[in-house]
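Here's the structure, in structure tokens; my notes come after.
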2 protein chains.
Amino acid sequence: MRMGEDRAVAAESGTRARTRRAIVQAAVALLAGDPTASLGDVAAAAGVGRTTVHRYFPERSDLLAAIGADVLEKVAAATERARLDDGPAAKALERLCQEYFELGDGLTLMFETPQLTNWSGWEQETAADRHFLDTVRRGHAEGSIDPELDEEWIRNLVWALLYSAWEQARTTGTPKHSALTLCLRTLRKALAP
Amino acid sequence: MRMGEDRAVAAESGTRARTRRAIVQAAVALLAGDPTASLGDVAAAAGVGRTTVHRYFPERSDLLAAIGADVLEKVAAATERARLDDGPAAKALERLCQEYFELGDGLTLMFETPQLTNWSGWEQETAADRHFLDTVRRGHAEGSIDPELDEEWIRNLVWALLYSAWEQARTTGTPKHSALTLCLRTLRKALAP
DNA sequence: ACTTAGTGGAACACCGATGTTCCATAACGG
DNA sequence: CCGTTATGGAACATCGGTGTTCCACTAAGT
């Protein structure tokens, strides 16, 4: 038995881990701008050879899956940080929104790269997802969230607002903080009963 | 001078016009589900031979351009119908939202198919776009729209809400009318000063 | 009915992305 | 300092989508 992690590939020697991260990072940034970018482009953007990319991710889908897992992990972490159970539910969702905004290009990818959501972890409800929906219900119960807006719509709404805000920051020159401010203000007003 | 249209290709004999429309229609529906669908798939979905597709649209980009133009045209028509200059600006935008919702899969495409917006008509501001922004400004002036939300954000917001609502209707079983209701309610609350 | 316009299918060349192999060489760690 | 580890590049096979041509066939229009 190996002392590896519970993840698939497990403990890589520092160098490999660093290269792998470099590739994934570059891929996220690049694919956010052009979802059809080739693996050669990704390699170039990551500053490595195309061969190396294939060494780490035999098929394109493997890279996509890795990105998907990465984003998913970041979402989970962000959900943790938001401490959804503290204070009024509406406020909790605003905090969550702020945390999710840190996903950056990950937001763009989730919208524009459907293949990313084909990876196993995405089809079934994640803990973060459940926690989110629970919080919305709590908001409905305690009266801090408009009861006319059901859970599903609010989930879609949050993501849509985040995507809009991030894209506005990415394409137009809008500074990130003001984009986020608009996003949060809009969310607050939308949720208010 | 010819009695043809001002458009590029102009008056086609009824049969051709019908086939062309069938192809574009099928392409819209298909690409909304999978933006990477091949021309063969489009042909199959349209119930015509692949050769025929190429006859009408020599290159893939030509088809995309046609779709882009089609959507653009529908947007213009919808903007007309919304009568943006009547009544309070906030109400006008809600009417506009209702009209835009009719774009259906066109909404999905605008978000998920960037190549669609590469076509010439999209880079420069359209009349509809200008009319929209003018209406937002009017809302700011007359006090029916939250002055903290700038024109650009509101434009993005409207599209994002529409996309969310449409996707919710398309993927989950939510009936279209209730999706639209949620969308409008959210917009109304977001715009309110 | 007969001419013309429109269609479908097969066959082909082409291209870019993908995935694989092999080897020389650079970086790293003991 | 030397062996292991990781890398980059070149060369190659493959594959699917694309775009083209040609011909037989069918549906319109007069």
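Proteins come first, then strands; the chains are lettered A, B, ... in the order of their sequence lines, and each starts at number 1.
Here the nucleotide nearest the side chain of T52(B), chosen from dG8(C), dG8(D), dT18(C), is dG8(C). Closest approach to the L39(B) side chain among dT7(D), dT7(C), dT18(D) is made by dT18(D) (side chain taken as heavy atoms from C-beta onward). Among the nucleotides dT7(D), dG17(D), dG8(C), the one closest to the side chain of R16(A) is dT7(D). Closest approach to the Y56(B) side chain among dT7(C), dG19(D), dA10(C) is made by dT7(C) (side chain taken as heavy atoms from C-beta onward). Distance from the side chain of R60(B) is smallest for dT18(D) among the nucleotides dT18(D), dG8(C), dA10(D).
As judged by a 4.0 angstrom heavy-atom cut-off over every strand, G47(A) is placed among residues touching the sugar-phosphate backbone only. Within the 4.0 angstrom heavy-atom criterion, only backbone atoms of the sugar-phosphate kind lie near S38(A); the bases stay farther away.
Residue E59(A) is the one, among E59(A) and R18(A), whose nearest nucleotide of DNA chain C lies closer to the 5' end (criterion: closest heavy atom). Ranked by how close their nearest DNA chain C nucleotide is to the 5' end, R50(B) and T19(B) are led by T19(B).
In this structure, CZ of R55(B) is placed 13 Å from C1' of dT26(D), rounded to the nearest angstrom. Separating the CG atom of D62(B) from the C1' atom of dG17(D) is a distance of 16 Å, rounded to the nearest angstrom. To the nearest angstrom, P of dT18(C) lies 10 Å from CG of L63(A). Atom-to-atom, CD1 of I23(B) to P of dT7(C) comes out at 8 Å; the value is rounded to the nearest Å. Rounding to whole angstrom units, CG of residue D41(A) and C1' of dG16(C) are separated by 11 Å.
Annotation: E80(B), atom CD; neighbour count of heavy atoms from other residues, nucleotides and ligands within 6.0 Å does not exceed 12.
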**OP:** Please assess F101(B) against L184(B) for the test side-chain contact (heavy atoms from CB on, under 4.5 Å), listing each intermediate value before the final yes or no.
**Re:** CA-CA 10 Å; F101(B) 193 71; L184(B) 289 175; over 6 Å; no

Subject >> Step-by-step side-chain hydrogen bond (donor to acceptor under 3.5 Å, both in side chains) determination, T186(A) to W153(B) >> reply: CA-CA 10 Å; T186(A) 305; W153(B) 170 251; 2.9 Å; yes

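At a cut-off of 3.5 angstrom, counting only N and O atoms as typed in the model, there is no donor on one side facing an acceptor on the other between the side-chain of T15(B) and the base of dG6(C).
Aromatic ring pairs are classed by plane angle as parallel below 30°, tilted from 30° to 60° and perpendicular above 60°; the pair Y163(A) and F111(B) is tilted.
Figure legend: R155(B) and F132(B) shown without cation-pi pairing, the cationic atom not lying both under 6.0 angstrom from the six-membered ring centre and within 45 degrees of its axis.
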